[in-house]
Amino acid sequence: MATRYRVFPVRVAAVTALTPHFVRVTLTGDALAEFAAVGLDQRIKVMLPIDGLGFTDLPVDGPDADWYAAWRSLPDDRRNPLRTYTVRSFRPDAQELDIDFVAHGDAGPASRWVSSCRVGDELRIVGPRVPESPDDLPSGAAEFAPGAANRILLAGDETAAPAICAILEALDVTTVGHVFIEVPTDADRLPVTAPAGVEVRWIARNGATHGVRMTDQVHAWASSVVTTGPCDGAVELADVDVDEHVLWDVPASADERPVYAWIAGEAGCVKALRRHLVRGVGLDREQVAFMGYWRNGKPEQ
């Protein structure tokens, strides 16, 4: 059986500055005819070029090659940087894929790349290929699974904004819920379409400590919506050292749950919010999906 994931050679078709901190890069390439869209908050790997080398040392010759083994076998100084991003939109007929990057200067290789990329530049992405059977579509690349929840909560910082926007634009028109998106400045609010029953709040830090204003908003939402009360001592949450381990817990979709919460962004903030929702106000832990996209003070992932 062919490998489910492959490296897709692509090139930059357009670069669009959306706000002071968001840049949309549109990628294209014939290989995208085999790219499979698997979900609303779909993650892919972006392989970045090495100065003076590009991708010449990456020995991936075809769609069935073991890309990860080939990448791992390279010496450290010749191994292309690998980062995780969300697919903002995919247009299979045009073979175009959009990624919204957060531009933050020279803080990491992806931000450096997007600050200078131009139309025609080469890139590589790693994602699922179209399976021979619909039942063989790979899982684990998308996490949003509200089931039949009566109400949803989406919360995240700027790194989660592209995923949240993609989710919002695909929700059923009858969906009810609240969305809190923290961004660096007022000018970083992005246009997005949401169902009439979903309230979207863009929260600008404007110099405030990362996560504080979003945390306040989520706490206020929980106080007004969640009525089950604090959990007793029988409910335990395993402590995750966010400096050493990936913070990621996504419950399976359930048919009956009154509230479904999806939280992503800086790991320390996400961990505290999840603990408040479960231990503090009584949400079942199976109602909360939480994902640490990055960790404050650690290198870009």
Side-chain angles (χ1 to χ4, degrees), residues 38-43 84 86 139-157 159-161 163-164 166-168 170-172 175-182 197-199 201 203 210-296 298 301:
V38 302
L40 308 181
D41 52 341
Q42 179 176 1
R43 301 181 311 282
T84 303
T86 302
S139 60
E143 309 295 3
F144 182 74
N150 297 323
R151 185 182 298 271
I152 66 167
L153 165 70
L154 300 173
D157 60 18
T159 64
I164 292 175
I167 290 170
L168 282 173
L171 290 175
D172 187 273
T175 303
V176 174
H178 284 76
V179 177
F180 304 102
I181 310 172
E182 184 178 291
V198 177
E199 180 182 349
R201 297 184 190 176
I203 306 161
H210 194 110
V212 170
R213 291 180 174 172
M214 181 180 69
T215 295
D216 290 344
Q217 293 279 346
V218 174
H219 281 210
W221 167 88
S223 298
S224 65
V225 172
V226 181
T227 59
T228 54
C231 295
D232 59 32
V235 176
E236 295 294 337
L237 292 176
D239 186 52
V240 180
D241 183 346
V242 293
D243 291 318
E244 298 295 334
H245 302 287
V246 175
L247 184 76
W248 206 277
D249 188 14
V250 184
S253 175
D255 291 334
E256 295 185 7
R257 49 167 58 137
V259 179
Y260 173 79
W262 182 104
I263 304 170
E266 197 280 321
C269 178
V270 170
K271 176 182 175 180
L273 282 175
R274 190 243 191 172
R275 179 163 293 277
H276 178 74
L277 292 177
V278 176
R279 294 285 295 164
V281 299
L283 276 185
D284 190 300
R285 61 190 300 173
E286 293 300 312
Q287 295 173 247
V288 184
F290 70 109
M291 294 139 285
Y293 279 2
W294 64 286
R295 176 58 173 148
N296 193 22
K298 296 196 71 174
Q301 298 296 315

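Throughout, numbering of the chain's residues begins at 1 and tracks the sequence. Please read all numbers here as calculations on a predicted model, not as lab measurements.
- At least one side-chain heavy atom of Trp294 sits under 4.5 Å from a side-chain heavy atom of Glu266.
- Considering only heavy atoms from C-beta on, Ile203 stays 4.5 Å or farther from Asp216 through its side chain.
- The line from CD1 of Ile263 to CZ of Arg274 is 9.5 Å long, rounded to the nearest 0.5 Å.
- With sequence neighbours excluded, the residues that form a side-chain contact (heavy atoms from CB on, under 4.5 Å) with Ala264 are Ala160, Trp262, Met291, Tyr293.
- Taking Leu171 as the reference, Phe144, Ile152, Ile167, Leu168, Thr175, Pro195, Val198 meet the side-chain contact (heavy atoms from CB on, under 4.5 Å) condition, with sequence neighbours excluded.
- The shortest non-hydrogen separation linking Ala222 to Val281 is CB-CG2, 4.1 Å.
- Between the side chain of Asp41 and the backbone N or O of Ala163, no donor-acceptor pair lies under 3.5 Å.
- Considering all non-hydrogen atoms of both residues, Ala149 and Tyr260 come closest at CB-CB, 3.7 Å.
- Within the 4.5 Å cutoff, the side chain of Leu273 has heavy atoms near those of the His219 side chain.
- The minimum heavy-atom distance between Ile164 and Ala155, with the atom names listed, is CD1-C, 4.0 Å.
- In this structure Val176 satisfies the side-chain contact (heavy atoms from CB on, under 4.5 Å) test together with Arg151, sequence neighbours excluded.
- The minimum heavy-atom distance between Gly39 and Ala142, with the atom names listed, is CA-CB, 3.7 Å.
- Note that CD of Glu182 and CG of Asp157 are 6.5 Å apart. Values are rounded to the nearest 0.5 Å.
- Smallest separation of non-hydrogen atoms from Arg295 and Ala267: CD-CB, 4.2 Å.
- Residues forming a side-chain hydrogen bond (donor to acceptor under 3.5 Å, both in side chains) with Arg201 (at least two apart in sequence, or on another chain): Glu199, Gln217.
- The CG atom of Leu277 sits 13.5 Å away from atom CZ of Arg285, with the distance rounded to the nearest 0.5 Å.
- A pairwise comparison of heavy atoms in Val38 and Gln42 identifies N-OE1, 2.9 Å as the closest pair.
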